[in-house]
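In what follows, a structure is listed as structure tokens, so that the remarks can point back to it.
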Amino acid sequence: MRILSSDITSHEGKEVELAGWVGTRRDHGKLIFIDLRDRAGIAQVVFPAADKALLEKAERLRPEWVVRVKGTAQKRPKGMENEKLPNGSHEVAASVLEIFTEAKTLPFDIAGSGLEVNEEVRMKYRYLDLRRPRLQKNIRSRSKILGFIREFFSEQDFVEVETPILSKSTPEGARDYLVPSRLQPGAFYSLPQSPQQYKQLLMVAGMERYFQVARCFRDEDTRGDRQPEFTQLDLEMSFTSEEEILALTEEFYVALVKRFYPEKKIAQVPFPRLTYKEAMERYGSDKPDLRMDKDNSNELGFAFVTDFPMFEWKGGEKRWDAVHHPFTMPRVMDVNDFNIKFKEGPSKMLARQYDSVLNGFEVGGGSIRIHQPELLAAVFEAMGNKPEEVREKFGHMLEAFDYGVPPHGGIALGLDRLFAILEGEPNIREVIAFPKTGDGRDLLMGAPSPVDAKQLKELHIAIEEKKK
Ligand code: ASP
């Protein structure tokens, strides 16, 4: 039975079997040493001088070949221990070597951080890049944290619901990715910019507490450190308040840091809360960096920014747009109050919207939602939609709200950014297994790519050739 490299110390004196990748090979006179790497780390394997045939086979070994070794786990000779390795007191004296596969020389070194390697090359060979210890650690701790998220929210009585990927446009301020429908010629699905409408409909459905680790898709021009698809921890609650949502969010962050990053210090608990106005006046930013000591990489400056403006003027489109999204509750009493305040000055209206900020980055945002159908319709119209457009785009929401909708609200936390900050990484691509380039290309798979004429025909799509 195979054991892991980390287990060789507890198997001292026993016959063991290791399997993995050859790291380095060192020839020392008559002996050959290799570092064998598996998911737990590395183990030193020594091929003794006595077995000529075995030694000859071991001589062929090159980095990244995949092998199985059988042998005896033993203490290393005195003075040969490696204190840097948890199992550095031991090694395996091989008696059998099986070579599964050979490997070409890798396009780059995988021992270091990789940050010095051309990123396009790293992305093209991501499966090799992921072998490096830093990325192994990032992806593995991401997996553990995802497990923790499920545990934390399930314990708090949240229901995990998977919402559709093939869907209809939800306004989150970006362009939609469209998927043509074969069965409904000329019609398109859009990939969700977020599960916003579904999570609200789940509140109408009586779920009361929903969460999802949700993939979101936004077709934006390259803007900073973003990805066309990204992951959110998405939450929604019924009969709730700003206070409850922010307190829960804070409790989650504190528990997460305590469990996985005990060496990190949260600058202030309870997290500071500022209104948007205060943040802008005091820091000139709606995502202020509230760390006490910004050179201290172990400090986490969490904060909440609340009371954002409801509307912003979209000069290009000559209309008012929601700063967060149109489902956000404005600070008004009712629809009449809304109409009066909107006439008086949309730019002065506030929303029951909040952002979660960490070390100067926006890591999440949410709001209390509008649950009165007439107010929702008024907001859509205020944003420049004609009544028939409102019906066409959002009729399903307005209709659902006619059947008994609880007051509700929620938040979404951007997990990629959160993991990057917690892992001390310079960008979110370092914590995403298969990231895309700034211009949306997957260099490993070669996507996006042209498709067969037959596929296009089935989809009733014709490609217009670029005029030369
Ligand atoms: N759907 C929002 C977003 O993706 C989050 C929320 O309002 O809950 O930013």
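Both ligands and their constituent atoms are indexed starting at 1 by order of listing. Remember, it's a predicted structure, so these values are computed and weren't measured experimentally.
- The contact shell of ligand 1, taken as protein residues with any non-hydrogen atom closer than 4.0 angstrom, comprises Glu172, Ser194, Gln196, Lys199, Arg218, Gln232, His324, His325, Gly365, Gly366, Arg369, Gly410, Ile411, Ala412.
- Side chains of Tyr354 and Thr249: a donor-acceptor N/O pair is absent below 3.5 angstrom, by distance only.
- Aromatic ring orientation, Phe327 versus Phe394: perpendicular (interplanar angle above 60°, classes split at 30° and 60°).
- Of the candidates Arg218, His325, Arg215, Lys199, Ser194 forms a side chain to side chain contact (heavy atoms under 4.5 Å, CB included) with just one, namely Arg218.
- Between Phe401 and His408, the two ring planes are perpendicular [angle over 60°; tilted spans 30° to 60°].
- For the residue pair Glu242 and Thr306, no side-chain donor N or O sits within less than 3.5 Å of a side-chain acceptor on the partner.
- Each side chain to side chain donor-acceptor pair (under 3.5 Å) pair with one or both residues in residues 422-435, not counting sequence neighbours, appears once here: Glu119-Arg429, Arg122-Glu430, Arg134-Glu425, Arg134-Glu430, Lys137-Glu423, Asn138-Glu425, Ser141-Glu423, Asp225-Arg429, Tyr261-Glu423.
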